[in-house]
Protein chains: 2
Amino acid sequence: MELDQLTECYKAMADKTRLNILALLRHEELCVCELVEILKMTQPSISQHLRKLKQAKLVKERRNSQWIFYSIDGEIYPFIKANLEALPDMTEKIEELKQSGNKVCC
Amino acid sequence: MELDQLTECYKAMADKTRLNILALLRHEELCVCELVEILKMTQPSISQHLRKLKQAKLVKERRNSQWIFYSIDGEIYPFIKANLEALPDMTEKIEELKQSGNKVCC
DNA sequence: ATCGTATATAAACATATGGTTATATACTAA
DNA sequence: TTAGTATATAACCATATGTTTATATACGAT
């Protein structure tokens, strides 16, 4: 694979917030406001991290009315699955979101 | 796996020079001066990249008299093999080094 | 059309990163 | 010991990166 493309991929993964996002999206697609809620970060910050992940083709987006849902893409990287499997389980965070009632709003 | 450790690992891989080094070490262990010769970069620059890779536990070193040979470590990463396999083949670069006579000097 | 919500983008700033030059350390050979 | 080679570290600088605040855009409901 091209080194430039690989470098962009690893740059995208070289940030704790973005690894958190990937770990969360591994469970299910989420919209920006849900990520904001779970990660306790500002919306612009999350948006910019998502943009980097999208540019690296690690996530893809799907619009549903006012919400934009992000999910894992990673088709182009043969090794992406192995990397995702090393990420910590985020089931608890997702559960917390659902129980807080902030899941349905999106 | 811990996100902090994973972040450090991806940070270490998020640079073209370091991916080049990993791609080269995939073939065989090399010392600093050989990497300097192959990558046409200054010695301090290579040294600092190697330090990052070593801190991330992606490479290990072995001293042999005045030379320090670096090789792939990555034991702690379950996915390291999959990532290394995505790196381009560097056989040619290694061959060039050997034929230039710069291999024996180290 | 207007308002409210969700998301993206821009500008500004502080910190991190990579390269260079200079210097220090470690080892070998004489 | 001294000289020469290999490597590491430090100081400096330019650029990249992540966060924040402010603003713009997109969509739905009224």
What does the list of N/O pairs under 3.5 Å between the protein and nucleotides 1-5 of chain D look like, with a distance for each?
none

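- Between A:L97 and A:E34, the closest side-chain pair of non-hydrogen atoms falls below 4.5 Å.
- In this structure, the CG atom of B:N20 is 11 Å from the P atom of C:dG19, given to the nearest Å.
- Side-chain contact between A:R62 and A:I68 is absent, with no heavy atoms from C-beta onward closer than 4.5 Å.
- The CD atom of B:E29 sits 12 Å away from the P atom of D:dT7 (whole-angstrom rounding).
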Identify each donor-acceptor pair in which a side-chain atom of residues 69-81 of chain A lies under 3.5 Å from a protein atom, sequence neighbours left out, and give them as a table.
from  : atom 1 : to    : atom 2 : distance (Å)
A:Y70 : OH     : A:E61 : OE1    : 3.1
A:D73 : OD1    : A:E75 : N      : 3.2
A:Y77 : OH     : A:A56 : O      : 2.8

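- For the helix from C:dA1-D:dT30 to C:dA30-D:dT1, the rotation axes defined at the first and last 5 base pairs enclose an angle of 20°, given to the nearest 10°.
- In this entry the distance linking NE2 of A:H49 with P of D:dT17 reads 12 Å, nearest Å.
- Closest to the side chain of B:D15, from the set C:dG19, C:dT28, C:dG18, is C:dG18.
- Under the 4.5 Å side-chain contact rule for hydrophobic residues, B:W67 and B:M41 do not share a cluster.
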Name the atoms and distances for all side-chain donor-acceptor pairs under 3.5 Å in residues 19-28 of chain B, with sequence neighbours left out.
from  : atom 1 : to     : atom 2 : distance (Å)
B:R26 : NE     : B:L84  : O      : 3.4
B:R26 : NH1    : B:L84  : O      : 3.3
B:R26 : NH1    : B:L87  : O      : 3.2
B:H27 : NE2    : B:M90  : N      : 2.8
B:H27 : NE2    : B:T91  : N      : 3.4
B:E28 : OE1    : B:K98  : NZ     : 3.3
B:E28 : OE2    : B:K103 : NZ     : 3.2

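- Between C:dG19 and B:T42, no contact under 4.0 Å exists linking OP1 or OP2 to a side-chain N or O.
- Note: CG (B:L30) to C1' (D:dA6) measures 15 Å, nearest angstrom.
- Minimum interatomic distance between B:A12 and B:L53 (heavy atoms only, all atoms of both residues): O-CD2, 3.8 Å.
- Here the shortest heavy-atom pairing between B:M1 and B:Q5 reads CE-OE1, 3.5 Å.
- If you measure from atom OH of B:Y10 to atom P of C:dT17, you get 17 Å, rounded to the nearest angstrom.
- Whole-Å rounding puts the B:M13 CE to C:dG18 C1' distance at 18 Å.
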Are there any protein N/O atoms within less than 3.5 Å of an N/O atom in nucleotides 8-16 of chain C, and if so, which ones and at what distance?
from   : atom 1 : to    : atom 2 : distance (Å)
C:dA8  : OP1    : A:Y70 : OH     : 2.5
C:dA8  : OP2    : A:S47 : OG     : 2.6
C:dA8  : N7     : A:Q43 : NE2    : 2.6
C:dA8  : N6     : A:Q43 : OE1    : 3.2
C:dA10 : N6     : A:Q48 : NE2    : 3.4

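- One interatomic measurement links the two molecules: CZ of B:R62 to P of C:dC27, which rounds to 15 Å at whole-angstrom precision.
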Using a 3.5 Å cut-off and no angle test, enumerate the donor-acceptor pairs between side-chain atoms of residues 43-51 of chain B and protein atoms at least two apart in sequence or in another chain.
from  : atom 1 : to    : atom 2 : distance (Å)
B:Q43 : NE2    : B:S47 : OG     : 3.2
B:H49 : ND1    : B:R18 : NH1    : 3.0

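- At a threshold of 4.5 Å between non-hydrogen side-chain atoms, the residues A:Y10 and B:D15 do not count as touching.
- Nearer to the 5' terminus of DNA chain D, by closest-nucleotide assignment, is the contact made by A:M41 (compared with the other of A:N64 and A:M41).
- As judged by a 4.0 angstrom heavy-atom cut-off over every strand, B:K16 is placed among residues making no nucleic acid contact.
- Between the P atom of D:dC27 and the CZ atom of A:F69 lies a distance of 15 Å, rounded to the nearest Å.
- Atom NZ of A:K57 has 12 or fewer heavy atoms from other residues, nucleotides or ligands within 6.0 Å.
- Side-chain contact between B:Q55 and B:E8 is present, with at least one heavy-atom pair separated by less than 4.5 Å.
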